[in-house]
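Below: the structure, in structure tokens.
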2 protein chains.
Amino acid sequence: MDSFIPVLKHTQLFRGLGEGEILALLKCLDAKLRSYGKGEYIFHKGQFVRDIMVLAEGKLHIQKDDYWGNSNIIQTIAPGEMFGEAYAAPNSGAMLNNVIAVEESTVIFLDAKGIFTTCSSACAFHSLVVQNLFFALSEKNRRLVQKLGHMSQRSTREKLMSYLSEESSRQNASTFVIPFNRQQLADFLSVDRSAMSNELRKMREDGLITYEKSRFTLIL
Amino acid sequence: MDSFIPVLKHTQLFRGLGEGEILALLKCLDAKLRSYGKGEYIFHKGQFVRDIMVLAEGKLHIQKDDYWGNSNIIQTIAPGEMFGEAYAAPNSGAMLNNVIAVEESTVIFLDAKGIFTTCSSACAFHSLVVQNLFFALSEKNRRLVQKLGHMSQRSTREKLMSYLSEESSRQNASTFVIPFNRQQLADFLSVDRSAMSNELRKMREDGLITYEKSRFTLIL
DNA sequence: CCTCTTTCGTTGTAAAAACAACATACTTGT
DNA sequence: ACAAGTATGTTGTTTTTACAACGAAAGAGG
């Protein structure tokens, strides 16, 4: 566990805290580690969760899968990122999505109720953590709205342009790498993979973009 | 302003606080009132906001409008509900959507930075407000994910079923009234109104639903 | 009560997406 | 290096959606 302190130090949740404070907090929050293999489920839809999780290493997808096998990737989680905060509040109900490891991953579990109750060991930094948590959730919120912005586009091409534009401005470069393969990008945008592949080709023919694998360049 | 205290008492933000405490907080947070006519904009996309707003009366839509005149209703706001919390954090960037009054409405503005800094008048309940804020944001988060669930459905029929099912279970009744007219529902689900109307008829013919205006009944 | 405006349903057509099927390229493990 | 499995691109067909146009119904205001 201690080996992940350097990672934790740079997470949104523990921003502004020293190593000693983090160590104390981990105790307060009854931190637990668990590892997952590629393709393994961290959570199934319908499960009840009262922990807040931080990804220590690897890569996760939060996704909604339907009866017919269609997936929709709600969000990707990179090391240092948090997930499940939206379920930390009491009366949050069951989880609405699946959480899956897309690579070998290690997850840190923190007891959520410890965050809202002042702990015995007099952690004065609790309020800072709550504030950090709030900021993180607020950022996630804005990201969800961004994604809704892509999904609300009517055509596949518009969805792609919306997503690629955002990614370009987020990475502040006209050439950038996206964290998806084709199937995953299609799942993320909720479109058919082959149709999307086709549309990408047309967009390239129309001189809007060039690409190779997951590296895209927006033209003009 | 004082006339809205009873409303505020039952908001998520001020849950658990007495009237006196709310009154003190309103002072702390430099509360301001403003009224809007039907169709008037509360915020335009691109604006910077550092306030948290509570709707005192009326009805609002948070929506994304594109260049070609398509709207996408991200969320509807009812009296007592809060909006803009996702922009309360510093470095939140500009607002991504428009906020529009769909009826005559009154909005309360609260200075966000007052919430995170301890105030001079020693409001001990600040931490409770922060916690309330967190819970509210977390619920909004889950609602956004729900909406993403509808939008990720491939066909109009599936989108409708997804939305109507949720609304039915949320209102805990097989017959229920939705807060949209046809155009608004179409905007909410990001589909064409006439095509949606058509699909609704087919669904009725197929014995899945009945409806009249905004009152729907799920069959079986 | 009448007129003007908005909402809702209906239809036909053109465009787009889903789907299925397959070829090719690329990975991974052995 | 090989084989098996996975990812990507391509194409044709079927289904669905967007769009446009219009008439009927409902509502608002004088």
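To find a chain, count down the sequence lines: A is the first, B the second, and so on, and within it residues start at 1.
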Give the rounded distance in Å between these two atoms: CG of A/L200 and P of C/dA17. 12 Å
Which distance, rounded to the nearest 0.5 Å, do you find between the CG of B/L33 and the OG of B/S3? 7.0 Å
Considering heavy-atom distances to DNA chain C, does A/D192 or A/K213 have its closest nucleotide positioned more toward the 5' end? A/D192
Is any side-chain heavy atom of B/N132 closer than 4.5 Å to a side-chain heavy atom of B/T11? no
What's the CE-P distance between B/M203 and C/dG9, to the nearest Å? 13 Å
Does OP1 or OP2 of C/dC8 have a side-chain N or O of B/S197 closer than 4.0 Å? no
Rounded to the Å, how far apart are B/E199 CD and D/dT15 P? 14 Å
Salt bridge or not between B/R15 and B/E139? Use side-chain N to carboxylate O under 4.0 Å. no
Assess whether one donor atom and one acceptor atom, taken from the side chain of A/S194 and the base of C/dA20, lie less than 3.5 Å apart. yes
Ignoring hydrogens and geometry beyond distance, is a side-chain donor-acceptor pair present between A/S138 and A/R142 at under 3.5 Å? yes
Heavy atoms only, 4.0 Å cut-off, all strands: where does B/Y211 land among base, sugar-phosphate and nothing? sugar-phosphate
Report the distance from atom CD of B/E212 to atom P of D/dA25, rounded to the nearest whole Å. 14 Å
Is B/R154 near enough to D/dT16 that one of its side-chain N or O atoms lies under 4.0 angstrom from OP1 or OP2? no
Would you mind telling me which of C/dT11, C/dA17, C/dA20 lies closest to the side-chain atoms of A/A195? C/dA17
What is the separation between atom CG on A/N198 and atom C1' on C/dC19, rounded to the nearest whole Å? 13 Å
May I have the distance from A/E103 (atom CD) to C/dT27 (atom C1'), rounded to whole angstrom? 15 Å
May I have the distance from B/Q183 (atom CD) to C/dC8 (atom C1'), rounded to whole angstrom? 11 Å
Cation-pi, B/Y211 ring and B/R204 (6.0 angstrom, 45 degrees): yes
For B/N181 and A/S155, take the nucleotide of DNA chain C holding the closest heavy atom to each; which residue's nucleotide lies nearer the 5' end? B/N181
Looking only at C/dA17, D/dG9, C/dC19, the nucleotide nearest the A/T156 side chain is C/dA17
Contact nearer the 5' end of DNA chain D, comparing B/R193 with B/K202: B/K202
Rounded to the nearest angstrom, tell me the gap between atom NZ in B/K38 and atom C1' in C/dT5. 11 Å
